[in-house]
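Heads up: the structure comes next, in structure tokens.
Below, chains carry the letters A, B, ... as their sequence lines are ordered, and counting in each starts from 1.
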Amino acid sequence: MHRGILCGLLASALLPLACPAEESASKIGIDFALTAAGQPWTCSAPPAPLGRGQAPSRLRDARFYVHDIRLIRHDGASVALRLAQNEWQYLDVALIDLEDGQGGCVGNRGQHARVTGEVPAGDYRGLQFTVGVPVSSTTADGRVVPLNHSNTEQIAAPLDIQAMAWNWQAGRKFMKVELLPEGGVVRAEDTVKVWTVHLGSTGCVGNPANGEIVACSSPNRIVVRFDDFDPARQRVLFDLSALFEGSDVGRDQGGAAGCMSSPQDPECPAIFRQLGLPLAVDGAPVAAPTPATTSVFRVGS
Amino acid sequence: MRRLCIPGVLLAVCAAWPVAAHQGMDWCPDPDEPASAGGTWVWQLPRNFPVPRVPADNPMSASKVELGRHLFYEKKLSANATVSCGSCHLQSRAFTDGKARSAGATGELTARNAQNLANVAWHATFTWANPALVSLERQMLVPIFGEDPVEMGINDRNKQAVLRRIEQSASYRQRFARAFPGERKPVSWDNVIKAIAAFERTLISGDSRFDRYQRGELALAPAEMRGKDLFFGEKAECFHCHGSFNFNDQVVHEKSREVETPFHNTGLYNVDGKGAYPAASQGIIEVTGKPDDMGKFRAPSLRNVALTAPYMHDGSIATLEAVVATYAAGGRNLTQPPHAGDGRRNPHKSELIGNISLSPQEQADLLAFLKTLTDEAFLNDKRHADPFAAKGGKPRPASRR
């Protein structure tokens, strides 16, 4: 990066031909797609059988943030994908939005299923990315920008989306997946419409002396790694059958209807297990394996 | 503005000084007068109050505070234009609403009791139990954008349209331009929040009868004096959690470096015999996940406490008399469903809540003292009042110019 800037400066100043051609960059697009019951899934699709009880369910929301997207070279080293900057991608964070506000969905119309960016030309064979929003990222000019705990009304898109804000936890929902099971979600004292998965950092504490968030005991970010992945031919499948495999989406035993990342919520162990995340025990942090063992994200065509 | 011949600094002083009348500052102009955005803000505070911490990106100004007052009471800021901040925070009730839980724009009830807003500028954490919310600007995102429960009902789909309602008013456009000078697009949600936060930081209550007693301006009655001695003594132990100048135990100010943020279980519930609080609201355990944080809530400020019924995080105690009796008993033993259980035996109960066995006379004295914390000047201060209430409580557009 620095060499590029230096060459650029020199080139514009006096030495138009002195620098070797900028190491050629390859434009890369990484495609994401939603599947359920082995089929592509959308907001308007007919109900799909999901969870332990195979409850016929429609989609209400499917969005998640990814960051630190890297291509893996043949020698195992990885190279960061430099993201194009637009309303869906800011610094090294991208929002994957697989809902279109139609059918059973209530979100925005826009969708974003393809992350775009550049890597130095090279021979790559794998892909790694992290689900979630990082605490901070660094701009091209070296400025550190707080991201996960930034104020939604002061930050660039796509971190300004209120549906993905987790204001109660002073952060972001990393993942927002919501289902509408037929017959609703039966709880001890009532029935509600939506079974919810909200993933995000929990156990966060602020510093009243400066008004900033300082630490979260459970970061809950998922590192996904595919040793073999060809962006030209393959896509990252976000598989809701895998996500809900151990859950009964027609019922809820307590806490939020579904799992909002609370370790006390009886619905969270099954969801976290599928995501390859440890669930904090008694509020104490548990180290997450890197990469995570999960089939919720997998390689497909 | 300059034609008033009062420097901007002094105007700022007036806006920040809720007890002006007692200080002979009755020259303060009508709060609706436009104020200078340029003046340097000077806090004029009760003697024993430290200077509050103000976020670097939201400095105080008289015009921002005045804009914030309008927005605080502005029903157009809710999705269906039915509620404002002021709907659940009434000045006459020390900015509470007299309800156990409050209805938002859609009628959905909040999980907890609306809190009083006096002296919020010095709170270290906000809401009843959330160590992650450490500024008013961040706390405010919860009622504005919250979806569980819906309070103001703003979301991605309506937020621009709601903002346009404000932008359409020439008066508001002018107020925003004055409050946020030099900004290309001053009418934004960020600035709405900043202005309301600035207004809330001027809600300063420090002129109760007890304050005036402390300043040597009046004498308390014998019962009030006995109550005061109980309150600050080791017999009733109240001061452990309510002992600061703000009668709470979480205080941050300009010079604070490390701030302690204690939360307490006061033995209100014990629904499973193992200390559980009802699932609807269990305290900071919902954030920290630590088992011992069950039932722990922030000790609220007791300023104007006589006016903030019903009490506790869920409004489950109707009167101040009953609150004092509950503490005198060392917690609450509920014998009837749905939340039956002996809170006095809650294993997470604070060691500061003892069985203090106060006699009826002592409880009455304590109550008499608590009533000395009522600040009439604060409750009637026009600078905090609803600017739209002048005509029979009907909202009128702020459009004098």
Can A:Arg63 and A:Gln111 be counted as having a side-chain donor-acceptor contact under 3.5 angstrom? no

Interface residue of largest heavy-atom contact number with chain A, from B:Val142, B:Val192, B:Asp57, under 4.5 Å: B:Val142

Under 3.5 Å, is there a donor on one side chain and an acceptor on the other for A:Arg172 and A:Ser150? yes

Using every non-hydrogen atom in the two residues, find where B:Ser102 and B:Cys88 come nearest and quote the distance to one decimal. CB-SG, 3.6 Å

Relative to chain A, which segment of B:Lys255 carries a heavy atom at a distance below 4.5 Å: side chain, backbone, both, or neither? neither

Based on non-hydrogen pairs under 4.5 Å, which of A:Asn210, A:Val281, A:Asp160, A:Thr152 is most in contact with chain B? A:Asn210

Report which part of B:Ile284 has an atom under 4.5 Å of a heavy atom belonging to chain A: side chain, backbone, both, or neither. neither

Chain A contact residues among residues 160-167 of chain B, heavy-atom distance under 4.5 Å: none

Below 4.5 Å from any heavy atom of chain B, which atoms of A:Asn151 appear? Answer side chain, backbone, both or neither. both

With no hydrogens and no angle check, do the side chains of B:Gln139 and B:Glu200 hold a donor and an acceptor under 3.5 Å apart? no

Any chance you could lay out the salt bridge (charged side-chain N to carboxylate O under 4.0 Å, His left out) test for B:Arg112 and B:Glu286, step after step, and finish with the verdict? CA-CA 14 Å; B:Arg112 297 173 186 159; B:Glu286 294 171 18; 3.4 Å; yes

Among B:Ser135, B:Pro291, B:Ser256, which residue has the highest count of heavy-atom pairs closer than 4.5 Å to chain A? B:Pro291

With side chain to side chain contact (heavy atoms under 4.5 Å, CB included) as the test, would you mind laying out the steps for B:Asn246 and B:His123 before giving the verdict? CA-CA 9 Å; B:Asn246 200 23; B:His123 285 359; 3.7 Å; yes

Examine whether an atom of B:Leu141 lies under 4.5 Å from a heavy atom of chain A, and if so say whether it belongs to the side chain, the backbone or both; otherwise answer neither. both

No-hydrogen, no-angle side-chain donor-acceptor test under 3.5 Å, B:Asn58 and B:Glu137: yes

Heavy-atom cut-off 4.5 Å, strictly under: side chain, backbone, both or neither for B:Ala124 against chain A? both

Is any side-chain heavy atom of B:Trp122 closer than 4.5 Å to a side-chain heavy atom of B:Arg53? no

Using non-hydrogen atoms and a 4.5 Å limit, figure out which bit of B:Arg257 sits close to chain A: side chain, backbone, both or neither. backbone

Partner of B:His348 under side chain to side chain donor-acceptor pair (under 3.5 Å), picked from B:Asp293, B:Asp292, B:Asn270, is B:Asp292

Would you mind checking which part of A:Val106 comes under 4.5 Å of any heavy atom in chain B, side chain (CB onward), backbone (N, CA, C, O), both or neither? both

Residue, of B:Val252, B:Val259, B:Asp156, that accumulates the most heavy atom pairs under 4.5 Å with chain A: B:Asp156

Side chain to side chain contact (heavy atoms under 4.5 Å, CB included) between A:Ile96 and A:Tyr65: does it pass, once the steps are laid out? CA-CA 6 Å; A:Ile96 306 299; A:Tyr65 287 105; over 6 Å; no

Quiz: residues 254-268 of chain A side-chain donor-acceptor pairs under 3.5 angstrom, not counting sequence neighbours:
{"residue": "A:Ser261", "atom": "OG", "partner": "A:His198", "partner atom": "O", "Å": "2.7"}
{"residue": "A:Ser261", "atom": "OG", "partner": "A:Gly200", "partner atom": "N", "Å": "3.3"}
{"residue": "A:Ser262", "atom": "OG", "partner": "A:Gln264", "partner atom": "N", "Å": "3.1"}
{"residue": "A:Ser262", "atom": "OG", "partner": "A:Gln264", "partner atom": "OE1", "Å": "3.4"}
{"residue": "A:Gln264", "atom": "NE2", "partner": "B:Gly289", "partner atom": "O", "Å": "3.0"}
{"residue": "A:Asp265", "atom": "OD1", "partner": "A:Glu267", "partner atom": "N", "Å": "2.8"}
{"residue": "A:Asp265", "atom": "OD2", "partner": "A:Ala256", "partner atom": "N", "Å": "3.1"}
{"residue": "A:Glu267", "atom": "OE2", "partner": "A:Gln253", "partner atom": "N", "Å": "2.7"}

Of the listed residues (B:Thr261, B:Thr125, B:Thr127, B:Asn191), which shares the most heavy-atom pairs with chain A below a 4.5 Å separation? B:Thr127

Does a side-chain N-to-carboxylate-O contact under 4.0 Å join A:Lys173 and B:Glu147? yes

With distance as the sole criterion, is a donor-acceptor pair present between the side chains of B:Asp272 and B:Tyr277 under 3.5 Å? no

Scored by heavy-atom pairs under 4.5 Å with chain B, the best of A:Gln154, A:Arg109, A:His149 is A:Gln154

Side chain, backbone, both or neither: which part of A:Ala280 has a non-hydrogen atom closer than 4.5 Å to chain B? neither

